[in-house]
Protein chains: 2
Amino acid sequence: MNRKKKPLSHPDVEKRLVDAGVQPTAQRIAICGYILGEADHPTAEEIKKWADRHFPKMSRATVYNTVKTLVDAGILQEFKFPHSDAAVYDSNTDIHYHFLDEKTGELHDVQPESVDLSVKLKEGFKVKGIQILLRGTKK
Amino acid sequence: MNRKKKPLSHPDVEKRLVDAGVQPTAQRIAICGYILGEADHPTAEEIKKWADRHFPKMSRATVYNTVKTLVDAGILQEFKFPHSDAAVYDSNTDIHYHFLDEKTGELHDVQPESVDLSVKLKEGFKVKGIQILLRGTKK
DNA sequence: ATATTTGCAAAGCCTTTGCAGGGGA
DNA sequence: TCCCCTGCAAAGGCTTTGCAAATAT
């Protein structure tokens, strides 16, 4: 796992949603609480499986709708990586990079402070964003 | 476009295939010649469209089979980027990075010399590969 | 009442696979 | 001959969409 997370109370999650301008429906509170407080880079499928265990009834469409809502609201960030077709959702909305453990498939956040990067491109290229995936193994 | 390419003669392409241990079938020569000599980061679909115009008859399956063969043979590199679900094929098989022009969707190769990078991760992380996508605009 | 959200089913995009037929070494 | 290659069609994984029913403000 990436770093320890603290479970969030439903009221805390609800506040987060309202603050972000999102209607705090039961489904959204559940999913958002799961991702913010417990999950580590879950895919939609993992969220769906979690919901099947912890929520009375939730369709896959609602999972997708919800994560899209949360991403649009700035609560989550969505990432796609080359090693998998499935998008992952990250509660870390700051700029950061990732390390993929090729043995386990686990993703680890990499803080920008850990990376020293300077890019000098030819005239005319204006860089507005950088995505970095480090691949390797973690012992 | 990324950089100028020179069209390759069919015999040259055939030699490249044979050297790489790949049977030089008509389909493979055609596709390989297109990617090495003309195309710029084409997707399977773009290759298929090109084939529909320049080759008597080729199925999508053959396009996929062929690029897989060429990748396995070390003639091409396959990349997947977050902005599109479709894989792209790159005749540059050296280590390099990419710049995505967000206006046009065009991909540009970025030579490693253009990027100065040092990564210091916590104990236990061993980095074996790095993928970088720069996003921005090119005038 | 009015706008928003949920959820089912169907479709869409990209890719892979199974298998029969065909062609090259 | 024998093996590899081609290609059709079907399936598979992930995600989106259309639309009706349910829910929130």
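Reminder, nothing fancy here: chain letters follow the sequence lines and each chain counts from 1.
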Hey, does the side chain of B:R28 come within less than 4.0 Å of D:dC5's phosphate (OP1/OP2), counting only N and O? yes
Pairing of B:R60 and B:E45 as salt bridge, 4.0 angstrom limit: yes
So does B:K5 pair up with B:E38, basic N to acidic O under 4.0 Å? no
For B:K57, report the nucleic acid contact type (base, sugar-phosphate, nothing); a contact means any heavy atom under 4.0 Å. sugar-phosphate
Would A:T62 and A:N65 count as having a side-chain donor-acceptor pair, cut-off 3.5 Å? no
To the side chain of A:K80, which of D:dT15, C:dT15, D:dG7 is closest? D:dT15
Nearest whole angstrom, please: distance from the P of C:dT15 to the NE2 of A:H83. 17 Å
Tell me what A:A86 touches on the nucleic acid: a base, only sugar-phosphate, or nothing, going by heavy atoms under 4.0 Å. sugar-phosphate
Without decimals, in angstroms, what is the distance between B:F55 CZ and D:dC5 P? 15 Å
By nearest heavy atom, map A:N65 and B:A26 onto DNA chain D; which one lands nearer the 5' end? B:A26
Is A:Q27 close enough to C:dT6 that one of its side-chain N or O atoms is under 4.0 Å from OP1 or OP2 there? yes
For a quick test of reading the model: is some side-chain N or O of A:Y64 closer than 4.0 Å to OP1 or OP2 of D:dT15? yes
Rounded interatomic separation in angstrom, taking NZ from B:K68 and P from C:dT17: 8 Å
By nearest nucleotide on DNA chain C, pick out whichever of B:P24 and B:A61 is the more 5' one. B:A61
Between B:V110 and B:Y89, is there shared hydrophobic-cluster membership here, with clusters defined by ILVMFWY side-chain heavy atoms closer than 4.5 Å? no
Between D:dA10 atom C1' and B:R60 atom CZ, what is the distance in whole Å? 14 Å
For B:T62 and for B:Q23, find the nucleotide of DNA chain D with the closest heavy atom, then tell me which residue's nucleotide is more 5'. B:Q23
In whole Å, I'd like the distance from the NZ atom of A:K49 to the C1' atom of D:dC14. 13 Å
Separation of atom CD1 in B:I47 from atom P in D:dT6, rounded to whole Å: 14 Å
Distance in angstrom units between B:M58 CE and D:dC5 P, rounded: 15 Å
Gap between atoms CD and C1', on B:E78 and C:dC14 respectively (whole Å): 11 Å
Check whether any side-chain N or O of A:T25 sits under 4.0 Å from OP1 or OP2 of C:dT6, and answer yes or no. yes
Less than 4.0 Å between a side-chain N and a carboxylate O, is that true for B:D85 and A:K80? yes
Sugar-phosphate, base or nothing in reach of A:E45, heavy atoms under 4.0 Å: nothing
